[in-house]
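Everything below concerns the one structure shown next.
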Amino acid sequence: MNFAQIILPLNLKGTFTYKIPSDFKDKIEVGMRVLVSFRGKKIYTGIVFQFHDEEPEGFLPKDIISLLDDAAIMPQSQLQFWQWLSEYYLCNLGEIYRFSFPASLKLESETYLKLKPYVSVAFENLDVHEMHLIHALEVRQLINVTEIEAFIPKKEIVKTIKSLIDLQYIEIDEKIAETYKAKEVAYLRLKNPAEIRASLPEILLSLKRSPRQQELLLSILEHETEFAGIPLKKSQFLDQGNFGTAPLKTLISKNWVEEYFMQKDRIELYDGETESREQLTPEQQTATKEIETAFGQNQNVLLHGVTSSGKTHVYLEIIEQTVSAGRTVLFLLPEISLTKQIVQRLEKKYGRQLGFYHQKLSDFERVEVWRKVRNGEIKVLVGTRNALFLPYSDLGLIVVDEEHDSAYKPREVSPFFNARDAALMLANFYGGRAILGSATPSVESYFLALKNKIAHVKLRHRFGNVNLPVVQIINFKEAQDSKKSVGNFSLGVIDEIKKQIDRHKQTMILHNRRGYSNVIECESCGYVNYCSNCDVVMTFHKFSNEMKCHYCGQKAAKPKACPRCNSANLNLRGVGVEQIHEEISRLLPDAEVDRMDVDSMRKKFAYEKLYEKIEEGETDVLVGTQMISKGLDFENIELVAIPKADSLLYVQDFRAEERAYQLITQVSGRAGRVSGEGKVMIQTYNPEHPVFKLIAEHDSTEVYTHLLAERQKFHYPPFVKLIMIEIKHRREDKADRCSQFLGSVLRKYLPEECILGPEKSPIAKLNLLYQYQIWLKLPRKNYAEYKSLVMKSLDEVEDIPAYKSVKKLIFVDF
DNA sequence: AGCACGCCGACT
DNA sequence: GTCGGCGTGCTC
């Protein structure tokens, strides 16, 4: 055990070899954080990955400078998970490390040093640099590594620090411990409640000349009676009762009331009534039993329940079982905005044992959750995909809610992994189980269930045996031909919306295209307005009166005349959600019509405000993009209309039909949740399209049979394994040549039928980078072999210096 | 990744 | 004559 392989927070292949100094040998553990120097002067926090005794060839390993933890900060199972991720998704361990660790747990040259307390320094034994550093530390308590460069030559820095640490004169300042202090919050309570209650009349009498004090005391008493056991937050209490601090101070000095402090919990404690466990319906009970059985047979579960069937109730039941068995639960959601409802319910039950983790937390908050997970304080963790990387010690259950959601595998941030599949693996490494839940499972998950790789548990009925909405397909061609249409709507849909408004019911209209119109075209010369960064037409947004590129975010003024031929005849083509909104507002002038899309929700609290407005029933019609399909569970929505349903299918993506099915079904699920009188109207030029027909029949089995047949016919997942490689460079010829070269190398090793491309990406230029794609369809059998040939090909391209600067992004299971 | 090194154009 | 552009190479 002379050497350690260390993971560094850099996007570099593999791990790095360091020597373990003899005095660390009995303390160092796999999963510990260590301080090492890399590239001479830079210092990094690394993770111990492995130990070994093989003397490396070709370089002299450096020593590990110091250990940052007393015990492993990363559990073994997590490290196994990292290793799997990096092998499966062809990404570097360093990338995973960077992505998954809060910044303050992986300090680099920003790491601070300090003198050890109560040491006497034998200056006569120090060299000049060591002396400088000690003197500097005597003047200022903390110095970071970069600052030391000012007075010690770069080459000598690490040596100096290391020698002083060895001499026990200085130590690494655990900034995390220092800067991270949970905030303390003041609470109020009666000092001696029993006594006060007993002699209340006398006390009140004694306070008769101080009405504010009287009021305050009674108020606290009332709270303690009504919400026994729930802490009373001082600031909130004073604000609500409009009390000043003066009467409170007097009460405290009179020893009636006391102020006490508790660590602030980022999740506010639920202070409403605690709800008793809801009774499961017979169907939910059966589902729970089926899940237990599957778990007993070491099987994971696909919980396939129609919208409003109460999947959450089943989750809660299994979560409770897991927690009472003493194990931890991870509840994954595709995005934070959907957490509201589930958190409210879990809060009541688990209080402080509930944690919350997502991209929008500050670093401090992340570290807090990290520690609580590590030391077992948190038993139930609700989070988005990055919550997979918390240091769980005993993960018994992972729930992946809305498992079909594409937010589980964003294309924008590396490492590119699918959180749903990763969750299955993570559960596996911990010896835990996973539930994938959805009303519209992904074709891949459905296939797993079909092949009995995971158990298929179904909930076929809506909660309370409420009927599923009636789906009506409207042949829009016919409506137009028979003059029964106005603009983008058939008269039937308009009439139905009016009918709903008369009944004081609400309507949702789905149109999944942002902006007002997606092309502005010159009538005389055919000019269209392209984004200067991307090979994409700019979309006109009437509301903000500007042109926007939906890919890079660039904005431009709307041209008044054609920039090429100066003609003023500019045509608007393509219908966006703003236009649908405008149209409905015009057709129904007395109705309250609102719009919900990323553009209108950008302002702070815009979402909350609109949410409330809908909840209060002030909104009659809500027009929106796919955003309206998530998290809007209102009782009063009875009608869902999709005026241009075909646009959902005309996307060049082999998952277009699956997505269309999921989106339509999800948004339909908003209609008639309680009444059972929901109605869905789909306008299309292809009324015979199987996806629309099967949605109308509510026959999900047939939908998946259809989707799977298509996938099999055209050789797409789950029948093959798909890897997409995207090659990007700011010079088109270079990206082109590099992709051609990679293509030829791949063809050297792989059969021709496995390789498609290289071709220009559907968006040939994005953010000033030209991009080309190569699609690999690899057989499931011997996949590992094929994949290693892909890796070999990539390595060969990597060896060409001219292509080093070309970015190569690899999407596995794209 | 990120940083130093090294080779060619536009400037005081 | 120099400053600085980014192509290239290397890091345990």
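Quick caveat, the model's predicted, so the values are computed rather than measured. First the proteins, then the strands, lettered A, B, ... as listed; each starts at 1.
- Counting non-hydrogen atoms under 4.0 angstrom, A:T17 reaches a base of the nucleic acid.
- For A:H729 and C:dC6, the NE2 to P distance is 12 Å, given to the nearest whole Å.
- Taking the six-membered ring for Trp and thresholds of 30 and 60 degrees, A:W775 and A:F814 have ring planes more than 60 degrees apart, a perpendicular arrangement.
- Note that the SG atom of A:C531 and the NZ atom of A:K555 stand 13.0 Å from one another [nearest 0.5 Å].
- Atom CZ of A:F59 is separated from atom C1' of C:dG9 by 17 Å (rounded to the nearest Å).
- When rounded to the nearest whole Å, the span between CD of A:E798 and C1' of C:dT8 equals 13 Å.
- Taking atom CZ on A:F49 and atom C1' on C:dC12, their separation rounds to 15 Å, with Å as the unit.
- For C:dC12, one of the phosphate oxygens OP1 or OP2 lies less than 4.0 angstrom from a side-chain nitrogen or oxygen of A:K62.
- Comparing C:dG9, B:dG2, C:dC12 by their nearest atom to the side chain of A:F16 picks out C:dC12.
- When rounded to the nearest whole Å, the span between CG of A:D799 and P of C:dG9 equals 11 Å.
- Not a single donor-acceptor pair under 3.5 Å links the side chain of A:R564 to the backbone N or O of A:V528.
- The A:Y18 side chain lies nearest to C:dC12 when the options are C:dC12, C:dG7, B:dA1.
- Residue A:P61 is classed as a sugar-phosphate contact, given heavy-atom separations below 4.0 Å to backbone atoms only.
- Comparing C:dT11, C:dT8, C:dC12 by their nearest atom to the side chain of A:L12 picks out C:dT11.
- With hydrogens and angles disregarded, a donor-acceptor distance shorter than 3.5 Å links the side chain of A:R33 to the backbone of A:L105.
- Checking C:dC6, C:dC10, C:dC12 against the side-chain heavy atoms of A:R39 singles out C:dC10 as nearest.
- The CG-C1' distance, from A:N11 to B:dC3, rounds to 15 Å in whole Å.
- Ring geometry for A:H129 versus A:H132: interplanar angle of 30 to 60°, hence tilted.
- Atoms CD1 (A:I43) and P (B:dC3) sit 14 Å apart, rounded to a whole Å.
- When each of C:dC12, B:dA1, B:dG2 is scored by its nearest atom to the side-chain atoms of A:F38, the top-ranked nucleotide is C:dC12.
- Spacing between atom NZ of A:K13 and atom P of C:dT11 amounts to 16 Å, rounded to whole angstrom units.
- One finds no side-chain N or O of A:R731 lying less than 4.0 angstrom from the OP1 or OP2 phosphate oxygen of C:dC6.
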